[in-house]
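Computed over heavy atoms, backbone and side chain alike; hydrogens, waters and symmetry mates excluded. Every chain is numbered from 1 and lettered A, B, ... according to where its sequence line falls, protein lines coming before strand lines.
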Amino acid sequence: MADPLLSVRNLKTYFYTDEGVVRAVDGLSYDLHRGETLGIVGESGSGKSVHALSVMRLIPTPPGKIVDGQILFEGRDLLKLSDEQMRRIRGNRIAMVFQEPMTSLNPVLTIGEQIAEAIILHQHLDKRAAWTRAAEMLERVKIPLARQRVKDYPHQFSGGMRQRVMIAMALSCNPSVLIADEPTTALDVTIQAQIIELMRELQRDFGTSIIMITHNLGVVAEMCDNVVVMYAGRPIETTTIKRIFQEPKHPYTWGLLHSVPKLYERRERLIPIEGQPPSLIDLPPGCSFAPRCPFAMEICVQADPPDFPVGPTHTAKCYLYSDKATEKEKKAAAAAGLAASSLSGS
Amino acid sequence: MATNGEILLEVRDLRKYYPVTKGFIFQRQVGAVKAVDDISFFIRKGETLGLVGESGCGKTTTGRVILRLQEPTAGQALFEGRDIFKLGKEELRRLRRDMQIIFQDPYSSLNPRMTVGDIIGEPLEIHRLARGKEKVRRVQELLEVVGLSPYHANRYPHEFSGGQRQRIGIARALAVNPKLIIADEPVSALDVSIQAQVLNLLEELQKEFGLTYLFIAHDLSVVKHISDRIAVMYLGKIVELAETEELFSNPQHPYTEALLSAVPIPNPELRRERIILPGDVPSPINPPSGCRFHTRCLYAQPSCKVNEPPFADIGGGHYLACPVQPFKHQRSKAAVLSKQPAKR
Amino acid sequence: MARLPASGSPAVPRPGPGRARLEPAQGSGQGFWALAWYRFRHHKVALAGAAVVLVLVLVTLLAGPIAPYRFEDIDLTARLRSPSWRHLLGTDTIGHDVFTRLLYAGRVSLLVGFSAAVAAASAGILIGATAGFYGGWLDNVLMRITDVSLALPDLPILIVLSKYLGGSVAGIVFVISLFAWRGVARLVRGEVLKLRGQEFADAARALGATDLRILARHLVPNTLAPVIVAATLIVGGAILTEAALSFLGIGIQPPVPSWGNMLQNAQDFILSAPRRRPQGRSGPPAQALGHRAGSRDA
């Protein structure tokens with residue numbers, strides 16, 4: 001396979017607070033290839049959003065700090081760049097769309113001014129050309145009457161339209177990577193469907209690689225090629241979109257899939273994941289999911305599990321897939337329905 | 001679910017308008033936000049009615065008006081035959097033992113200055129149901145009922161996570177032994193893995209105490225899971241109301257159909273024909289004439305712009321406000337899909 | 001940053017029914033005040049300010065045992081003396097011991113300051129909470145009254161009122177709080193307006209709580225933090241106002257000492273004999289005022 005476009009290696013972002021060190025991202029690694037859509041899935045506090053800010057080098061310091069790791073973009077380590085070099089990449093080669101379309105736009109500037117600003121900054125176009133390009137971008141994201149609406153202010157747009165504007169702004173410099181942090185979470189479901197459709201279409205046209213950060217498993221299934229599941233700052237399972245839904249290997253992923261009500265299946269009772277997510281300041285020893293894991297073994301509370309290969313392009317941080325687990329323990333997990341096929345004998 | 005068909009709450013022609021005023025000292029009314037505009041439905045004892053719709057459709061307002069947290073503009077709400085909207089202050093206070101609410105935001109719905117024990121004990125105090133040792137015992141019992149521990153009574157809300165706070169809110173609502181609970185987006189602020197815990201708890205409590213729920217939510221999967229019947233709202237109107245299975249297998253309103261198809265399904269094998277609705281939800285200040293959905297409807301007829309469709313039973317308790325009925329005699333795509341078991 | 005999940009260390013895996021026991025976030029039952037105290041202890045400037053206030057309060061409260069004389073004691077043989085071991089800060093025109101009077105004056109000044117703050121805050125809470133909670137025309141009327149009274153010039157009215165009501169401590173407190181409640185009222189109204197929309201207020205209403213209960217148990221307690229800050233500002237302001245009024249001769253009347261009337265008493269000499277007894281007359285009360293006013297920010 002070709003070299004990845006963006007490769008995150010063992011990223012660790014900590015926040016130093018009065019209460020202690022918050023290990024928001026603790027050893028995240030993944031590869032993003034050209035034209036790929038990679039889903040980063042996790043609940044609040046899993047570190048998925050902090051990771052995005054780390055890649056953009058937008059972590060507020062202090063209290064935050066990227067303490068370890070590499071972020072290789074086209075072979076260069078972003079963490080080693082000067083602020084000036086990073087500014088040329090941010091918004092230009094790597095762009096970001098945020099969750100809140102209401103607060104991510106400046107209320108006192110027109111939409112056109114805001115899009116043109118980025119274009120002038122990065123593409124060195126003159127004002128007129130930048131303005132034309134801004135109008136074109138609004139047309140690309142299917143804002144009706146785009147040429148007139150460039151002169152409008154953000155409050156004149158609805159939530160869904162604002163998110164389109166954000167996407168237009170992000171794509172205006174034709175970036176190679178687009179990081180979308182919960183881009184549809186604040187939107188209604190019919191508007192969410194519009195935005196997902198739009199992002200898919202734009203990816204086809206622009207060939208942008210997308211990192212899709214979300215807690216919504218449905219959005220992942222609709223959009224992504226590959227998935228990283230995060231829990232308590234760590235990537236606990238990495239694989240393709242098909243495998244994650246058909247053969248989830250990590251008990252957390254498996255639990256997550258079973259705890260959501262399904263639209264087209266009848267279920268008498270949901271199977272929730274018991275307990276609460278751990279505090280990132282005071283992580284339990286060993287696997288951070290162990291206290292909530294129905295299959296936890298002795299080893300799980302003693303040592304932090306490394307990645308175990310559980311199939312082609314599929315790894316999981318779980319001792320069930322190591323020789324530490326006995327046949328009996330594997331059988332018990334399989335009996336409960338955890339990806340039965342490959343548990344024993346792996 | 002234990003439903004003997006008896007109707008607990010019946011809402012008739014409910015309207016809630018918010019005046020839009022202009023002027024500084026002499027405020028003139030220049031229009032109205034028609035948050036809820038002439039809706040009718042009923043809830044049977046022991047059942048769960050889901051009220052689903054997008055933001056601004058009026059579902060939350062409906063819940064609050066029924067509880068008279070806001071005063072209705074017009075209409076009736078008969079609770080066990082008595083019109084809630086006609087009750088005097090004192091009668092209303094007494095009625096509030098029978099109707100309770102669970103809120104969306106587990107952070108703002110608990111008073112940060114009160115201990116959990118005080119929060120759950122307050123309704124007991126207000127209605128003089130228990131005091132002293134008896135109150136303490138009852139609070140501990142309620143904490144156990146919602147899956148918390150008795151010793152949590154001395155703690156403050158900020159010491160709990162979102163899911164636990166939602167349990168505290170549920171315990172507070174249960175303290176007065178209500179008959180009806182209006183659950184206003186009770187799980188939408190929670191993480192996915194915690195949502196299931198709270199949904200299961202609500203179901204268990206319903207069985208245990210014979211509760212009736214009006215379950216308000218925007219998440220169709222959640223509503224489908226918990227509801228016996230579902231009402232779909234759009235711009236202040238109920239456009240369709242039917243038994244859950246019927247609504248999902250045989251949606252008749254074009255908006256319901258689009259809503260169902262817009263939900264992203266966590267199954268990459270299940271690629272559907274998606275119906276993408278054009279445009280945004282219009283403003284409720286000057287809603288479109290005729291059928292309010294006609295501006296986005298894929299099947300709209302010229303008459304839809306003029307005539308407001310009646311909300312009528314099309315058979316078997318399936319209510320619909322669409323004269324066109326584009327899907328009559330035709331099972332929708334969603335229905336076809338629902339028959340194929342998802343491949344594992 | 002993302003909201004951090006709470007919860008300490010859930011002990012053992014517990015597969016089973018949906019109602020597993022859940023451990024709360026942090027260790028012990030920490031109330032609001034405990035938390036405020038914790039933050040306060042970790043704020044050095046606040047601590048220093050509190051220490052100054054504490055010393056002032058202690059010293060003035062303990063004026064009896066500490067002071068070498070009674071405040072009305074007059075030593076006609078020793079008038080206008082410089083500081084000495086007999087009279088630590090000297091004596092004034094009629095032979096009062098300045099140190100003694102300074103301590104007792106502090107008692108009066110602090111009494112005026114705190115009483116005015118409590119009175120003003122209570123009135124402000126009452127008016128502000130009513131306006132914010134009920135809204136509509138009541139809010140309009142109450143807030144317009146507030147605005148109008150804010151627009152009136154304070155000092156001339158103070159002076160006129162003091163003329164009739166001044167003299168006694170209670171009169172001065174009344175006059176000062178008449179002008180101090182407005183800020184608190186506006187503050188409380190704003191907070192109540194904000195809190196009224198919070199779901200816990202709706203929850204209380206849905207539970208059948210009366211208006212009074214919602215106000216007293218749910219809304220007002222949540223406005224207290226900013227009100228306390230405002231009230232401490234009033235304490236400092238009231239002491240200064242009292243001093244100003246007494247200095248003008250319409251505040252606390254001698255022989256009861258206050259920092260203001262001591263200053264007035266000393267003013268004749270600050271120019272005629274500034275070097276001779278600068279410390280002896282105007283210095284101490286002025287400095288005491290400065291300290292008190294300065295530490296109010298804490």
Is B/Arg96 reaching over with its side chain to a backbone N or O of C/Arg205, donor-acceptor style, under 3.5 angstrom?
yes
Pick from B/Leu199, B/Val176, B/Asp105, B/Leu95: which one has the most heavy-atom pairs with chain C under 4.5 Å?
B/Asp105
If one checks every heavy atom of C/Arg213 against chain B at 4.5 Å, the contacting part turns out to be side chain
Please round to the nearest 0.5 Å and tell me the distance separating atom CD1 of B/Ile102 and atom CD of C/Glu199.
12.0 Å
Close side-chain approach of C/Phe200 and B/Pro112, heavy atoms under 4.5 Å
yes
Ignoring hydrogens and geometry, is there a side-chain-to-backbone donor-acceptor pair from B/Gln100 to C/Ala206 under 3.5 Å?
yes
How about OH on B/Tyr18, more than 12 heavy atoms from neighbouring residues, nucleotides or ligands closer than 6.0 Å, or not?
yes
Side chains of C/Arg217 and B/Asp118 in contact at under 4.5 Å (non-hydrogen atoms):
yes
Below 4.5 Å from any heavy atom of chain C, which atoms of B/Leu110 appear? Answer side chain, backbone, both or neither.
backbone
Calculate, to the nearest 0.5 Å, the distance between atoms CG and CG belonging to B/Asn111 and C/Asn222 respectively.
4.5 Å
Atom pair CD1 (B/Ile126) and OG1 (C/Thr210), whose distance is rounded to the nearest 0.5 Å:
7.5 Å
Measure B/Met99 against the heavy atoms of chain C and call it side chain, backbone, both or neither at under 4.5 Å.
backbone
To check you understand the geometry: which heavy-atom pair defines the closest contact between C/Ala203 and B/Ser109, and what is its length?
CB-O, 4.4 Å
Check whether any side-chain heavy atom of B/Arg172 lies under 4.5 Å from a side-chain heavy atom of C/Leu207, and answer yes or no.
yes
C/Arg186 atom CZ: more than 12 heavy-atom contacts under 6.0 Å
no
Are more than 12 heavy atoms, taken from residues, nucleotides or ligands other than B/Arg137, located less than 6.0 Å from that residue's CZ atom?
yes
